[in-house]
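Below, each value reflects all heavy atoms present in this structure, side chains not excepted, and no hydrogens, waters or symmetry copies.
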Amino acid sequence: RWLYGKEICLFYAFCGVLFGICSLTTPTLLSTVCCLKICFPAYGNRFRREHGQILIACAWTYAAIFACSPLAHWGEYGAEPYGTACCIDWRSTNVNAVDMSYTVVLFVFCFILPCGIIVTSYSLILVTVKESKKAVKQH
């Protein structure tokens, strides 16, 4: 069972969601930057350190929005089914439409969208590399 009280449970769950979303958002942004640099060098070569810092801030802000949402009562944090840790209260989605909407939005914007961007970015990189390989062989 969870031993540390409700406040620590909320903090633990908040940190898990914050760091979890940020851990998928960061490679999403990296794949986009790689795609820009390789597939669209006219734009990618303009990328500077300041742009990277802005993207990192955006990744943390994006993650913080979703991590703070249950604290603002859109979604809910609670004990996991076995009660040994805390995370998003998945059981509340079965009875509360607001919690269900949070879960759906979380799934779309923090899983489907980032994965789609990563797959698209690396697919474009592969196509560009194949095309450049053909161009080199022709010369």
Side-chain angles (χ1 to χ4, degrees):
R1 68 182 176 83
W2 183 255
L3 300 174
Y4 305 107
K6 185 174 174 121
E7 291 79 20
I8 301 297
C9 179
L10 289 174
F11 179 73
Y12 181 89
F14 171 81
C15 288
V17 171
L18 178 70
F19 297 135
I21 293 171
C22 204
S23 72
L24 185 56
T25 305
T26 303
T28 302
L29 294 173
L30 286 172
S31 70
T32 305
V33 170
C34 288
C35 183
L36 278 175
K37 288 197 146 298
I38 293 170
C39 302
F40 308 100
Y43 298 106
N45 291 333
R46 295 181 188 168
F47 191 82
R48 303 281 175 252
R49 179 184 180 109
E50 297 80 27
H51 298 122
Q53 292 170 337
I54 290 168
L55 288 177
I56 290 169
C58 288
W60 282 100
T61 302
Y62 188 79
I65 289 168
F66 287 100
C68 288
S69 295
L71 300 176
H73 305 293
W74 183 39
E76 196 173 324
Y77 289 137
E80 289 182 342
Y82 291 110
T84 56
C86 293
C87 68
I88 296 167
D89 188 355
W90 304 110
R91 286 179 262 158
S92 70
T93 61
N94 294 331
V95 292
N96 189 338
V98 173
D99 293 350
M100 173 62 89
S101 70
Y102 172 72
T103 303
V104 169
V105 169
L106 191 70
F107 179 69
V108 171
F109 288 97
C110 298
F111 181 70
I112 297 295
L113 182 65
C115 289
I117 290 171
I118 291 170
V119 168
T120 302
S121 295
Y122 285 114
S123 296
L124 287 171
I125 290 170
L126 284 174
V127 168
T128 302
V129 168
K130 282 185 177 184
E131 288 175 358
S132 65
K133 185 178 176 182
K134 285 181 188 177
V136 168
K137 281 185 179 181
Q138 288 177 353
H139 291 302

Greater than 12 external heavy atoms within 6.0 Å of [X]'s [atom1]:
X: Tyr62; atom1: OH; value: yes
X: Phe14; atom1: CZ; value: yes
X: Phe47; atom1: CZ; value: yes

State whether the side chain of [X] and the backbone N or O of [Y] hold a donor-acceptor pair below 3.5 Å, judged by distance alone.
X: Tyr77; Y: Ala67; value: yes
X: Thr120; Y: Ile117; value: no
X: Thr26; Y: Ser23; value: no

For [X] and [Y], which heavy atoms make the closest approach, and how far apart are they?
X: Ser121; Y: Ser31; result: CB-O, 3.4 Å
X: Cys22; Y: Pro27; result: O-CD, 4.4 Å
X: Thr28; Y: Pro114; result: OG1-CB, 3.2 Å
X: Arg91; Y: Glu80; result: NH2-O, 3.6 Å
X: Lys37; Y: Gly44; result: NZ-O, 3.0 Å
X: Thr93; Y: Asp99; result: CG2-O, 3.5 Å

Is there a path from [X] to [Y] through hydrophobic residues (I, L, V, M, F, W, Y) whose side chains come within less than 4.5 Å of each other?
X: Val119; Y: Leu36; answer: no
X: Ile56; Y: Phe66; answer: yes
X: Leu124; Y: Val127; answer: no
X: Trp60; Y: Leu30; answer: no
X: Leu10; Y: Ile8; answer: no

How long is the span from the [atom1] atom in [X] to the [atom2] atom in [Y], to the nearest 0.5 Å?
X: His51; Y: Leu55; atom1: NE2; atom2: CG; answer: 8.5 Å
X: Asp89; Y: Tyr102; atom1: CG; atom2: OH; answer: 11.5 Å
X: Glu131; Y: Lys134; atom1: CD; atom2: NZ; answer: 7.0 Å
X: Leu126; Y: Ile38; atom1: CG; atom2: CD1; answer: 9.5 Å
X: Thr25; Y: Leu113; atom1: OG1; atom2: CG; answer: 9.5 Å
X: Ser132; Y: Lys130; atom1: OG; atom2: NZ; answer: 11.5 Å

Which of these, Cys35, Cys39, Ser123, Pro41, sits in a side chain to side chain contact (heavy atoms under 4.5 Å, CB included) with Thr128?
->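 Only one of Cys35, Cys39, Ser123, Pro41 forms a side chain to side chain contact (heavy atoms under 4.5 Å, CB included) with Thr128, namely Cys39.
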Heavy-atom check, side chain of Leu106 versus side chain of Ile88, under 4.5 Å |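 SC-SC contact between Leu106 and Ile88 confirmed.
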Flag side-chain contact, heavy atom, 4.5 Å: Leu24 against Ile118 =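 They are in side-chain contact.
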Side-chain H-bond candidate by donor/acceptor type, Ser101 with Trp74, under 3.5 Å |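 Side chains of Ser101 and Trp74: pair found under 3.5 Å.
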